[in-house]
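Here the structure comes first, spelled out in structure tokens, and everything after it is commentary.
Each ligand, and each atom within it, is numbered from 1 in the order the structure gives.
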Amino acid sequence: MTNNSEKAETMDNIVSLAKRRGFVFPGSDIYGGLKGTWDLGPLGVALNNRIKSEWWKMFVDGREDMYGLDSSILMNEKVWEASGHTGAGFADPLIEDMKTGERFRADHLLKDNGIEAEGLSAAEMDVLITDNALKSPAGNQLSKVKDFNLMFETQVGAEGKYKSYLRPETAQGIFVNFKNVVDTMSPKLPFGIAQIGKAFRNEIAPREWLFRVREFEQMEIEYFVQEENWESEYEKMLVDLRAWHRHLGLSDDNIREYEVPENDLAHYSKRTIDFEYNFPGKGFDELAGFAYRTDHDLKSHEEASGVKMRYTPVEGAPFIPHVLEPSFGIGRALTAVLCEAYTEDEMGGDVRTYLKLPNHLAPYRVAVSPLLKNKPQLVEKARSVFTTLKAEFGNVAWDDNGNVGKRYRRQDEIGTPYCIVIDFETLGEEDESLKDTVTVRDRDTGKQQRVAIAELTAYLK
Ligand code: ATP
């Protein structure tokens with residue numbers, strides 16, 4: 001890939017492959033869709049679940065200092081007042097095309113015109129838009145910029161007595177449970193609480209496939225530390241976050257760590273690094289964030305709720321710990337994984353497309369098929385291999401559609417690392433020494449190897 005139009009084409013190809021092969025469908029498709037929503041198909045949910053379980057393995061089960069949590073999506077509205085989400089801090093600058101009514105984010109419109117607007121207020125953006133005589137993309141007059149809160153509001157109870165919100169991040173569920181976890185688990189500082197779950201933001205202009213949507217999943221950690229240790233703990237966590245992105249198969253060349261400049265940091269944050277991925281046709285943009293949030297959140301909740309949010313050390317007085325927050329969006333991770341894996345090469349004189357997914361992420365670990373589906377002996381033997389492997393691994397595909405060449409292409413396109421074919425040699429009809437061996441074909445090289453059925457489980461592990 002050499003230029004931007006080729007890269008944009010790659011992204012289009014990935015979106016189309018994802019739809020065609022059952023990874024990602026547009027939400028509410030039969031009714032014309034619902035902007036900013038996407039549904040995961042059978043292969044998409046498999047990949048998504050694998051990303052989540054690998055993350056949980058690495059950051060929770062694989063460590064002694066992490067505790068899991070699954071808090072409610074609906075919370076008392078006071079949570080969002082204390083966290084600042086009901087205020088201007090969680091609003092995006094909205095601007096409207098006066099003729100078509102189409103809405104945009106003013107900061108994105110400025111950026112698309114080569115003007116950086118990060119951290120500016122609505123009024124400041126207004127000035128820039130007027131000074132530069134900017135028009136909408138359709139060439140029309142623009143409205144004034146106004147703050148638009150991104151939270152979805154809802155009512156709780158039959159009489160709609162209480163206001164609530166669909167949570168715009170999972171993090172606040174962690175903060176409000178800080179005391180519960182400390183009281184029940186007696187963790188030793190530093191320790192973290194991790195959560196995976198849905199988040200909702202009424203984005204002004206959802207765009208770029210799964211990149212900016214209105215309903216998405218996050219994987220977040222609040223890692224509690226002593227104030228004086230925040231820098232050393234930040235460095236340690238950075239090493240783990242880099243390891244995570246490598247575990248997703250993302251190459252170092254496609255990952256950039258963007259140190260958010262001091263003047264763009266939230267007032268309570270002393271350091272934030274965004275992990276950016278080099279999306280085809282788009283360039284580097286945020287994949288995950290890693291912020292040092294001081295004691296801001298626990299302090300705000302302590303003040304607003306009147307409940308002490310303190311950690312009691314073995315010696316000394318209780319104190320509010322400081323916090324490091326790695327925050328990942330799963331949709332963006334899934335997109336990056338697909339972009340990284342998408343490969344075109346030439347095999348047998350044809351162009352082939354395949355997903356070079358890491359084995360631990362591939363929706364199917366292996367596909368099993370009989371050479372011919374109208375030969376009962378082959379089918380029977382293949383079914384028995386399939387049943388054994390399925391009981392062992394779970395994510396095993398049965399594929400007897402079309403000829404073997406077509407099956408290989410199909411499995412290549414969905415990233416299945418191995419295809420097993422049961423042929424006449426397996427039955428020992430041609431060469432007794434090959435009885436009970438099968439062909440195992442490698443997705444990346446197309447090379448085939450004979451492996452004894454008895455060895456298959458170990459081979460695939
Ligand atoms: P952006 O600047 O792109 O709007 P953000 O800085 O507001 O993102 P955070 O609040 O830090 O994002 O959320 C943490 C992570 O959640 C992001 O790094 C991203 O992966 C994911 N995320 C946030 N908003 C969206 C969205 N609208 N669609 C998909 N993923 C999102």
Side-chain angles (χ1 to χ4, degrees), residues 24 27 34-40 44 48 51-52 55 80 83-85 88-94 104-111 116-120 147-152 165-175 194-222 241 244-245 248 250 255-261 264-266 268-269 271-277 279 282-293 296-297 323-339:
V24 181
L34 176 66
K35 231 176 161 212
T37 66
W38 295 87
D39 295 341
L40 295 174
N48 208 59
I51 293 174
K52 290 192 281 187
W55 187 86
W80 305 109
S83 68
H85 282 81
F90 200 63
D92 274 348
L94 170 78
F104 310 94
R105 260 177 69 170
D107 55 335
H108 287 170
L109 189 93
L110 283 159
K111 198 174 173 195
E116 197 46 67
E118 218 172 290
L120 297 186
D147 285 324
F148 176 77
N149 195 287
L150 297 185
M151 281 202 294
F152 283 99
Y165 302 92
L166 302 186
R167 66 178 178 203
E169 61 174 34
T170 63
Q172 295 307 320
I174 297 180
F175 290 123
Q195 163 153 250
I196 298 180
K198 288 254 176 171
F200 304 82
R201 296 184 189 179
N202 199 5
E203 295 282 354
I204 293 169
R207 58 181 189 176
E208 293 159 327
W209 204 43
L210 306 182
F211 188 85
R212 188 167 302 285
V213 291
R214 290 183 168 140
E215 174 177 343
F216 55 100
E217 276 186 297
Q218 291 185 314
M219 309 186 281
E220 295 196 298
I221 295 169
E222 303 304 328
L241 303 185
W244 165 247
H245 288 119
L248 286 182
L250 309 179
I255 292 278
R256 190 167 78 180
E257 290 175 22
Y258 172 70
E259 181 92 43
V260 176
D264 283 339
L265 289 173
Y268 48 78
S269 177
R271 187 176 185 193
T272 296
I273 287 180
D274 286 343
F275 279 82
E276 298 185 329
Y277 183 76
F279 294 96
K282 174 173 169 65
F284 283 97
D285 212 333
E286 181 174 334
L287 184 61
F290 180 35
Y292 166 45
R293 299 178 62 92
H296 170 77
D297 304 87
V323 72
L324 308 178
E325 180 189 75
S327 174
F328 309 81
I330 306 178
R332 290 191 191 176
L334 188 144
T335 308
V337 164
L338 287 178
C339 292

Ligand 1 contact on Asp285 by region, counting heavy-atom pairs under 4.0 Å: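 The answer is neither.
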Contact (N/O only, under 3.5 Å) between Gly329 and ligand 1: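 Checking ligand 1 against Gly329, an N or O pair does fall under 3.5 Å apart.
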List the closest protein heavy-atom neighbour of [atom]: residue, atom name, distance to the nearest 0.1 Å.
atom: atom 28 (N) of ligand 1; value: Val213 N, 3.0 Å
atom: atom 2 (O) of ligand 1; value: Glu286 OE1, 3.8 Å
atom: atom 14 (C) of ligand 1; value: Ser327 OG, 3.0 Å
atom: atom 29 (C) of ligand 1; value: Phe211 O, 3.1 Å
atom: atom 7 (O) of ligand 1; value: Arg201 NH1, 3.2 Å
atom: atom 22 (N) of ligand 1; value: Phe216 CE1, 3.5 Å

Given side chain to side chain donor-acceptor pair (under 3.5 Å), test Glu220 with Thr170 step by step and report yes or no. CA-CA 7 Å; Glu220 295 196 298; Thr170 63; 2.6 Å; yes
For ligand 1, which atoms have a heavy atom of Leu287 less than 4.0 angstrom away?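 So the answer, numbered in order with elements, is 18 (O), 20 (O).
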Show the atoms of ligand 1 that are less than 4.0 angstrom away from any heavy atom in Glu203.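 Listed by number with element: 26 (C), 27 (N).
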Which of the listed options, Glu325, Gln218, Arg212, holds the heavy atom that is closest to atom 3 (O) of ligand 1?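 Nearest heavy atom to atom 3 (O) of ligand 1 lies in Arg212.
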